[in-house]
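Order of the sequence lines fixes the chain letters, A, B, ..., with proteins taken first and strands second; residue numbering starts at 1 for each chain.
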Number of protein chains: 2
Amino acid sequence: MTTRHSERTSTASGVVIDLSAAIVTVTDEEPKILLVRPADMAPRPGLPFGPFDPTGHRTLEEGLRAWVEEQTALHLGYVEQLYTFGDRFRDPKERAGGPRPVSVGYLALVRQTALKDAGDSIWGDWYRYFPWEDWRSGAPTIIDSLIAPALTEWVDSATSKPDRNRRRERVNLAFSLGGAAWDNERVLDRYELLYEVGLVFEASFDAGADPSDKLAGTQTHTGAALTKDHRRILATAMGRLRAKIKYRPVIFELMAPTFTLLQLQRAVEALSGGRLHKQNFRRLVAHEGLVEPTGHISGQTGGRPAELFRFRREVVHERPAPGVRVAVQVSKRAG
Amino acid sequence: MTTRHSERTSTASGVVIDLSAAIVTVTDEEPKILLVRPADMAPRPGLPFGPFDPTGHRTLEEGLRAWVEEQTALHLGYVEQLYTFGDRFRDPKERAGGPRPVSVGYLALVRQTALKDAGDSIWGDWYRYFPWEDWRSGAPTIIDSLIAPALTEWVDSATSKPDRNRRRERVNLAFSLGGAAWDNERVLDRYELLYEVGLVFEASFDAGADPSDKLAGTQTHTGAALTKDHRRILATAMGRLRAKIKYRPVIFELMAPTFTLLQLQRAVEALSGGRLHKQNFRRLVAHEGLVEPTGHISGQTGGRPAELFRFRREVVHERPAPGVRVAVQVSKRAG
DNA sequence: AAACTTATACTTAATTTGAGCATATGTACG
DNA sequence: CGTACATATGCTCAAATTAAGTATAAGTTT
């Protein structure tokens with residue numbers, strides 16, 4: 001216990017560090033995530049990633065940028081480290097004796113204009129993988145039709161009473177089934193719950209089940225699957241982004257240089273998964289000094305033309321928490 | 001570009017993953033950090049850490065807990081992953097051909113009662129390493145006497161005008177020299193700025209300077225130093241904890257099972273580095289349902305005896321963001 | 001008993017938030 | 001040309017929250 005600080009080089013064997021990127025953009029009021037098409041080995045699409053090279057990469061982030069530029073011909077602007085994933089058996093190949101992969105996950109934001117489609121990378125609709133997260137037109141039907149009943153059954157099937165209570169609390173907290181307000185930031189909580197209950201494809205796949213089995217019967221899987229644990233990384237990214245919007249002006253990383261206030265509002269709504277009160281939204285961004293008018297007018301609206309605005313970068317130095325601190329209105333769940 | 005997803009094992013060579021822990025407690029209204037005494041090789045104390053063992057450790061967090069228990073005989077309760085550090089030359093030994101260390105940093109909270117002093121681990125005063133962060137009795141003198149002048153000089157010494165402006169903005173943002181309100185969460189920003197300007201010991205040490213040089217003349221180094229980049233990890237932990245207190249009831253991880261409201265307030269103040277308005281603080285914790293009275297009375301106050309309270313765990317399931325959302329009053333800077 | 005320390009209840013004004021009304025200014029289409 | 005419709009924008013209003021007190025209670029210290 002005294003010599004523990006002496007030279008301790010790689011006693012650890014077989015660690016590989018992967019750098020993974022959840023690259024987000026918003027086009028046509030829809031949030032998108034950059035995916036690479038499945039290669040021969042991978043049956044499902046996944047996030048772009050590549051191994052960290054300690055000799056070539058000065059920093060982790062630099063390594064990530066290099067990989068992404070090579071794989072997708074995309075130059076990343078805003079990049080933020082999310083989380084480092086290192087649980088055993090994140091990659092099923094590990095069971096067969098593969099090395100232990102540790103992934104450092106990143107969130108990156110790029111503007112719509114930057115999408116050059118480079119071969120085998122594509123923009124995937126974010127809510128295709130998380131259909132229960134989009135409340136913009138009311139409560140997602142999949143919750144009432146599929147998720148809620150299955151979760152209730154899972155709660156009831158607990159063997160002991162304290163266990164049942166724990167399960168109920170967890171369900172209520174994640175999916176607000178107990179009447180609480182929907183918390184749009186708990187994306188990861190919800191995904192992990194669905195995984196544990198077996199409601200997402202990855203769960204049964206990771207458990208080694210033949211996927212065609214369950215799918216043959218009733219539809220019990222929700223949302224489209226990604227390879228390995230990439231959907232979990234994406235859930236982490238969504239939650240972080242939804243939280244960050246509220247206190248940092250990151251939304252402007254996704255906007256064109258000039259935009260109308262409605263375009264800005266729609267972008268926030270797309271990411272947040274709920275609707276905003278229009279007048280209050282305008283009051284907020286104006287009062288917080290987040291934007292300034294350009295004097296130009298947009299003609300694209302189909303109604304009264306809107307003024308074009310631009311982001312006021314100076315706001316970062318003026319206010320402690322500049323961001324779109326707006327309450328997301330989420331229509332009450334039916335029933 | 002098409003085969004990039006095929007088997008790509010460790011082309012990366014010489015990566016070692018370290019797990020580091022910033023273990024925080026509060027005793028006698030002072031925040032403390034657990035440090036391990038310098039061994040022969042390390043000239044300064046540092047955070048407890050150990051290598052990640054992919055064969056033995058099921059998860060990263062489990063690996064961290066195992067290391068800490070082994071090194072300090074401390075069982076960790078609340079643990080949260082902070083950030084993964086991988087910049088080149090974080091450890092000066094790397095220049096001499098050592099392996100590239102990547103550290104996954106964690107924040108852990110333990111209660112005062114849990115401190116068993118196990119041999120060569122000690123509790124260090126948190127503000128000894130960051131004297132400019134404690135505003136509880138007004139603006140720290142070190143800012144006006146040392147930091148502000150040095151930063152101003154650094155701003156003025158910029159060669160180009162845009163460069164000077166960038167420096168000024170950065171200084172104003174981090175240390176609120178431009179009249180803005182002090183933001184107690186920007187701990188990392190401030191440390192990194194001081195590092196870059198050369199005001200912390202680690203900067204000149206990492207640059208290879210003989211430390212006795214500078215110290216011989218005027219005192220230009222602020223705060224006590226830690227080994228390698230552990231002070232940076234600690235800064236990250238402080239910032240995260242200060243932020244988290246406001247929206248999650250993590251403060252109770254540091255409190256005894258029952259406590260008076262003033263004890264609770266002092267603990268929050270100790271971590272936040274500022275004073276709170278007493279009456280509003282009580283109204284807040286009561287109104288938020290964070291605590292409930294035990295019916296018992298504390299006799300230790302030296303004034304009117306206070307009622308003892310306990311944390312209401314249920315609050316987590318009731319409110320979206322339970323936490324001590326209180327504006328930290330920071331006395332205005334002198335001058 | 002007087003001075004001091006801490007606890008706790010209550011007041012008040014300013015600010016922020018949530019929701020909506022009213023009106024302006026354009027397009028689409030009969 | 002006129003009516004319906006869509007969007008933009010200014011403004012009001014009540015409720016809730018926040019910041020900063022005053023007032024009083026209930027102990028300890030000297």
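- Residue side chain A/Arg283 does not reach the base of D/dG10 through any donor-acceptor N/O pair under 3.5 Å, judged by distance alone.
- Straight-line distance from the CZ atom of A/Phe281 to the P atom of C/dA19: 16 Å, rounded to whole Å.
- Distances from the side chain of B/Pro305 to the nucleotides C/dT8, C/dA19, D/dG27 place D/dG27 closest.
- As a whole-Å value, the separation of A/Asn280 CG from D/dA15 P is 16 Å.
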Chi angles and distances behind the side chain to side chain contact (heavy atoms under 4.5 Å, CB included) call for A/Tyr83, A/Leu188: CA-CA 12 Å; A/Tyr83 197 79; A/Leu188 183 62; over 6 Å; no
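- In this structure, the CG atom of B/Leu284 is 17 Å from the P atom of D/dA16, given to the nearest Å.
- A ring-ring contact (aromatic ring centres under 6.0 Å, His included) with A/Phe252 is found for exactly one of A/Phe311, A/Phe309, A/Tyr78, namely A/Phe311.
- As rounded to whole Å, 18 Å separates atom P of D/dA19 from atom CZ of B/Arg275.
- B/Leu276 places its CG atom 14 Å from the P atom of C/dA7, with the value rounded to the nearest Å.
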Go through B/Arg128 and B/Asp125 one step at a time and tell me if the salt bridge (charged side-chain N to carboxylate O under 4.0 Å, His left out) criterion holds. CA-CA 5 Å; B/Arg128 197 165 110 71; B/Asp125 177 357; over 6 Å; no
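- Among the nucleotides C/dG18, D/dT9, D/dT17, the one closest to any side-chain atom of B/His287 is D/dT17.
- Taking the charged nitrogens against the carboxylate oxygens, B/Glu253 and B/Lys244 have no contact shorter than 4.0 Å, which rules out a salt bridge.
- Ion pair B/Glu169/B/Arg166 not flagged as a salt bridge, since none of the NZ, NE, NH1 or NH2 atoms sits closer than 4.0 Å to an Asp/Glu carboxylate oxygen.
- Between A/Lys278 and D/dA8, a side-chain N or O to OP1/OP2 separation shorter than 4.0 Å is present.
- The distance between atom NE2 of B/His277 and atom C1' of C/dT11, rounded to the nearest whole Å, is 12 Å.
- Between the side chain of B/Gln279 and the base of D/dT22, at least one donor-acceptor pair of N or O atoms lies under 3.5 Å.
- The shortest distance between the side-chain N/O atoms of A/Arg304 and the OP1/OP2 oxygens of D/dA6 is not below 4.0 Å.
- Computed from coordinates, the A/Arg282 CZ to D/dC11 C1' distance equals 13 Å when rounded to whole Å.
- Among the protein residues, A/Leu262 comes within range of the sugar-phosphate backbone only, with heavy atoms under 4.0 Å from sugar or phosphate atoms but none that close to a base.
- Atom CD1 of A/Ile297 is separated from atom C1' of D/dT7 by 13 Å (rounded to the nearest Å).
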